[in-house]
Visitor: 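Handing you a structure now.
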Amino acid sequence: MDAKIVENYEYAKDLYSQHGIDVDQVLTQLADIKISLHCWQGDDVRGFLFRDKALSGGIAVTGSYPGRAGTPSELRQDLEKALSLIPGKHKVNLHAIYADTEEKVDLDQLEPRHFQSWVDWAREQGLGLDFNPTCFSHPKAEDGFTLSHPDRKIRDFWIAHGQASRRIAEYFGKELGQTCVTNFWIPDGYKDTPVDRLSPRRRLKEALDEIFREAIDPRYNIDAVESKLFGIGSESYVVGSHEFYMGYAMSAGKALCLDAGHFHPTEVISNKISSVLMFVDQLLLHVSRPVRWDSDHVVVMDDELLEIARELVRGELLPRTHVGLDFFDGSINHVAAWVIGTRNTIKALLRAMLEPVERLKAAELDKDYTTRLALTEEFKSYPFGAVWDYYCARSGVPVREQWLSEVQAYERDVLLKR
């Protein structure tokens with residue numbers, strides 16, 4: 001390891017130790033945190049089951065950067081490259097349309113064997129897998145409704161898909177020895193103001209109850225439900241609102257998913273975390289960066305990312321929280337997007353861990369708000385970057401922007417030749 005990196009780390013350790021912060025212990029804790037990388041960044045949410053089907057369900061990817069993955073093996077190759085540039089051992093999040101099979105199969109007929117290559121690869125790489133039913137970009141979702149559809153036959157198709165997805169997730173958990181988180185999101189809603197808001201929500205609740213009727217050991221699979229404020233084509237009414245899913249998660253014992261882009265433009269999820277975890281056992285986060293709505297930009301080190309990390313660390317909520325990414329930017333290198341977003345998410349958690357949380361809490365209880373503000377501000381310029389550099393070097397991944405040259409070489413040698 002570079003001597004300067006070690007020297008800077010020792011200096012930083014000394015500064016932090018003066019506030020009772022054991023930096024070595026922090027890095028041990030950080031190494032145990034798994035971020036779930038979303039596979040759909042690698043190919044602009046196209047998947048492999050229905051390659052000719054246009055995106056629907058309010059999902060849009062802009063940009064035409066060259067080199068996106070066109071096959072499961074290419075996508076896994078790209079994920080391997082990204083993960084080699086990110087410190088720690090993590091997970092990969094699959095959507096159902098990423099099945100790796102030559103068989104012509106519809107969503108309601110998917111089985112674990114259609115994902116065997118993903119399981120074999122994840123085992124070789126030491127990774128866990130998460131899962132999502134794909135309730136969009138399908139003929140049976142073209143009118144904007146899936147699990148809340150008024151047509152029982154269409155609703156049954158999506159129920160069967162949800163049931164199949166849970167069995168696939170259970171298989172992932174058993175085979176890989178890491179719990180699979182299966183997240184349910186649907187695009188259902190109306191473009192204009194509906195007359196009947198209640199009936200679709202009744203149908204959605206009944207459909208979810210059917211999907212979740214089969215008991216699955218939580219060691220293997222955890223179910224999560226994800227809300228949305230509005231979407232393209234459902235601007236006036238979304239069946240699965242925040243209130244609906246928060247109530248459902250609490251009453252049905254499910255994890256609640258909070259997506260950073262699924263609320264009002266000035267509303268943030270960091271302020272919801274402590275409230276939600278008072279009433280649900282587990283939380284799933286989809287860390288993204290909304291720009292004037294759910295535009296799913298690559299995660300940057302902004303105030304909201306730091307506040308999310310601080311909430312998790314200050315409340316000791318990480319053991320009950322599953323952190324995943326959700327963005328799809330087709331305007332930049334697809335591998336670089338994963339690396340930037342994931343490294344920033346880990347970096348934010350590190351910054352939060354390197355704060356004198358107990359001292360700040362004590363000052364707050366003593367109504368010493370001067371000390372609270374002063375220390376909070378001073379720690380913003382503490383040398384967390386020196387700790388991050390050491391962590392990367394120790395983990396065998398590039399320090400600082402050195403990863404960029406590797407991605408550029410990979411683009412030249414691999415991506416541009418596709």
Visitor: Enter the distance from S241:OG to R201:CZ here, rounded to the nearest 0.5 Å.
Guide: 4.0 Å

Visitor: Does the S234 side chain pair with the main chain of Y237, one donor and one acceptor, at a distance under 3.5 Å?
Guide: no

Visitor: Please say whether the positively charged group of K254, taken as NZ for Lys or CZ for Arg, lies over the ring of F212, i.e. under 6.0 angstrom from the six-membered ring centre and within 45 degrees of the axis.
Guide: yes

Visitor: Using the side-chain contact (heavy atoms from CB on, under 4.5 Å) rule, take Y16 and V387 through it: C-alpha gap first, then chi angles, then the decisive distance, then the call.
Guide: CA-CA 10 Å; Y16 284 113; V387 180; 4.1 Å; yes

Visitor: Are the side chains of M246 and S227 in touch, meaning some heavy atoms are under 4.5 Å apart?
Guide: no

Visitor: Counting C-beta onward and ignoring hydrogens, is there a side-chain heavy-atom pair between T342 and I346 closer than 4.5 Å?
Guide: yes

Visitor: Between R113 and E103, is there a salt bridge with N-O shorter than 4.0 Å?
Guide: yes

Visitor: If you compare all heavy atoms of V238 against all heavy atoms of L229, which two are closest, and at what distance to 0.1 Å?
Guide: CG2-O, 3.5 Å

Visitor: When the ring centroid of F327 is compared with that of H38, is the distance short of 6.0 Å?
Guide: yes

Visitor: Report the C-alpha separation of L306 and E311 in whole Å, then their side-chain angles, then the decisive distance to 0.1 Å, and conclude whether the side-chain contact (heavy atoms from CB on, under 4.5 Å) test is met.
Guide: CA-CA 9 Å; L306 284 170; E311 281 294 295; over 6 Å; no

Visitor: To the nearest 0.5 Å, what is the distance between CD1 (I168) and CZ (F115)?
Guide: 4.5 Å

Visitor: State, to 0.1 Å, how close K140 and W158 come at their nearest heavy-atom pair, and which atoms those are.
Guide: O-NE1, 3.1 Å

Visitor: Flag the pair L258 / H286 as yes when at least one side-chain heavy-atom distance between them is below 4.5 Å, and no otherwise.
Guide: no

Visitor: Does the side chain of H161 come under 3.5 Å of the side chain of D106 through a donor N or O and an acceptor N or O?
Guide: no

Visitor: Please step through side-chain contact (heavy atoms from CB on, under 4.5 Å) for the pair Y171 and Y220, ending with a clear verdict.
Guide: CA-CA 8 Å; Y171 182 74; Y220 306 130; over 6 Å; no

Visitor: Provide the closest heavy-atom pair for P356 versus I21 in the form atom of the first, atom of the second, distance.
Guide: N-CD1, 3.8 Å

Visitor: Distance only, no hydrogens: is a donor on one side chain within 3.5 Å (strictly under) of an acceptor on the other, for T182 and D223?
Guide: no

Visitor: How many angstroms lie between atom CG of L208 and atom CZ of R203, to the nearest 0.5 angstrom?
Guide: 13.0 Å

Visitor: Any heavy-atom pair between the side chains of K81 and Q77 that's under 4.5 Å?
Guide: no

Visitor: Can H264 and T266 be counted as having a side-chain donor-acceptor contact under 3.5 angstrom?
Guide: no

Visitor: Is there a donor-acceptor pair closer than 3.5 Å between any side-chain N or O of R320 and the backbone N or O of L277?
Guide: yes

Visitor: Find the distance between CG (L349) and CD1 (I35) and round it off to the nearest 0.5 Å.
Guide: 5.5 Å

Visitor: Which atom pair, heavy atoms only, marks the closest approach of T146 to C135?
Guide: CG2-O, 3.7 Å

Visitor: Using a distance-only test with no angle check, is there a side-chain donor-acceptor pair under 3.5 angstrom linking D296 and S288?
Guide: yes

Visitor: Assert yes or no for the condition that the ring centre distance of F328 to H334 is strictly below 6.0 Å.
Guide: no

Visitor: Relative to each other, are the rings of F379 and H19 parallel, tilted or perpendicular (30° and 60° limits)?
Guide: perpendicular

Visitor: When you compare the side chains of Y9 and D24, does any donor N or O come within less than 3.5 Å of an acceptor on the partner?
Guide: yes

Visitor: Going by distance alone, is a donor N or O of one side chain under 3.5 Å from an acceptor N or O of the other, for Q282 and H322?
Guide: yes

Visitor: Within a 6.0 Å radius of atom CZ on R372, are there more than 12 heavy atoms belonging to other residues, nucleotides or ligands?
Guide: yes

Visitor: Side-chain donor-acceptor pair under 3.5 Å between W40 and N93, yes or no?
Guide: no

Visitor: H95 vs F136 aromatic rings, parallel, tilted or perpendicular, using cut-offs 30° and 60°?
Guide: perpendicular

Visitor: Take F184 and C257 through the test side-chain contact (heavy atoms from CB on, under 4.5 Å) and record every step on the way to the result.
Guide: CA-CA 9 Å; F184 286 78; C257 176; over 6 Å; no

Visitor: Which label fits W388 and Y391: parallel for a plane angle under 30°, tilted from 30 to 60°, or perpendicular past 60°?
Guide: tilted

Visitor: Before accepting this row, confirm whether a basic side-chain N of the pair R310/E355 lies closer than 4.0 Å to the acidic partner's carboxylate O.
Guide: yes

Visitor: Please determine whether a side-chain nitrogen of the Lys or Arg among E170 and R166 lies less than 4.0 Å from a carboxylate oxygen of the Asp or Glu.
Guide: no

Visitor: Between N8 and D389, do the side chains contain an N or O donor and an N or O acceptor separated by less than 3.5 Å?
Guide: no

Visitor: Would you check if W338 and L79 make a side-chain contact, meaning some heavy-atom pair closer than 4.5 Å?
Guide: yes

Visitor: Thinking salt bridges, do D44 and R46 make one under a 4.0 Å N-O criterion?
Guide: no

Visitor: Has R418 got more than 12 heavy atoms of other residues, nucleotides or ligands less than 6.0 Å from its CZ?
Guide: yes

Visitor: What I want to find out is whether K228 reaches D294 closely enough, with some N-O distance under 4.0 Å, to be called a salt bridge.
Guide: yes

Visitor: Between W185 and H262, how do the two ring planes meet: parallel, tilted or perpendicular, split at 30° and 60°?
Guide: tilted

Visitor: Roughly how far, to the nearest 0.5 Å, is OG1 of T179 from CG of L129?
Guide: 12.5 Å

Visitor: Between K205 and D209, is there a side-chain N and carboxylate O pair less than 4.0 Å apart?
Guide: yes

Visitor: Let me confirm one number: the CE-OG1 distance from M301 to T345, rounded to the nearest 0.5 Å.
Guide: 8.0 Å

Visitor: Say whether, by atom type as modelled, one donor and one acceptor occur between the side chain of E235 and the main chain of G233 under 3.5 angstrom.
Guide: yes

Visitor: Could you tell me whether D120 and R123 have a side-chain N and a carboxylate O separated by less than 4.0 Å?
Guide: yes

Visitor: For R314 and S274, run side-chain hydrogen bond (donor to acceptor under 3.5 Å, both in side chains): C-alpha distance rounded to whole Å, both residues' side-chain angles, the deciding distance at 0.1 Å, then the answer.
Guide: CA-CA 10 Å; R314 292 172 178 177; S274 59; over 6 Å; no

Visitor: Indicate whether the side chain of Y98 and that of H114 have a donor and an acceptor atom separated by less than 3.5 Å.
Guide: no

Visitor: Between E411 and Y65, is any side-chain donor less than 3.5 angstrom from a side-chain acceptor?
Guide: yes

Visitor: Do V299 and I340 touch side chain to side chain, with heavy atoms closer than 4.5 Å?
Guide: no

Visitor: For the pair R289 and E304, find out whether any cationic side-chain nitrogen is under 4.0 Å from an anionic carboxylate oxygen.
Guide: no

Visitor: Which heavy atom of H149 sits nearest to which heavy atom of D151, and what is that distance?
Guide: ND1-N, 2.9 Å

Visitor: Would you verify whether the NZ or CZ of K191 falls within 45 degrees of the ring axis of F230 while also being under 6.0 Å from that six-membered ring's centre?
Guide: no

Visitor: For the pair D78 and R68, find out whether any cationic side-chain nitrogen is under 4.0 Å from an anionic carboxylate oxygen.
Guide: no

Visitor: Measure the shortest side-chain to side-chain distance between R343 and V397 over non-hydrogen atoms and say whether it is less than 4.5 angstrom.
Guide: yes

Visitor: Do you know the tightest heavy-atom contact between V339 and I86?
Guide: CA-CD1, 4.2 Å

Visitor: Heavy-atom count around Q25 CD within 6.0 Å, excluding the residue itself: above 12?
Guide: yes

Visitor: Any chance the side chains of D196 and S199 put a donor and an acceptor closer than 3.5 Å?
Guide: yes

Visitor: Are the side chains of I269 and I308 in touch, meaning some heavy atoms are under 4.5 Å apart?
Guide: yes

Visitor: So, does S236 use its side chain to make a donor-acceptor pair with the main chain of Y190 at under 3.5 Å?
Guide: no

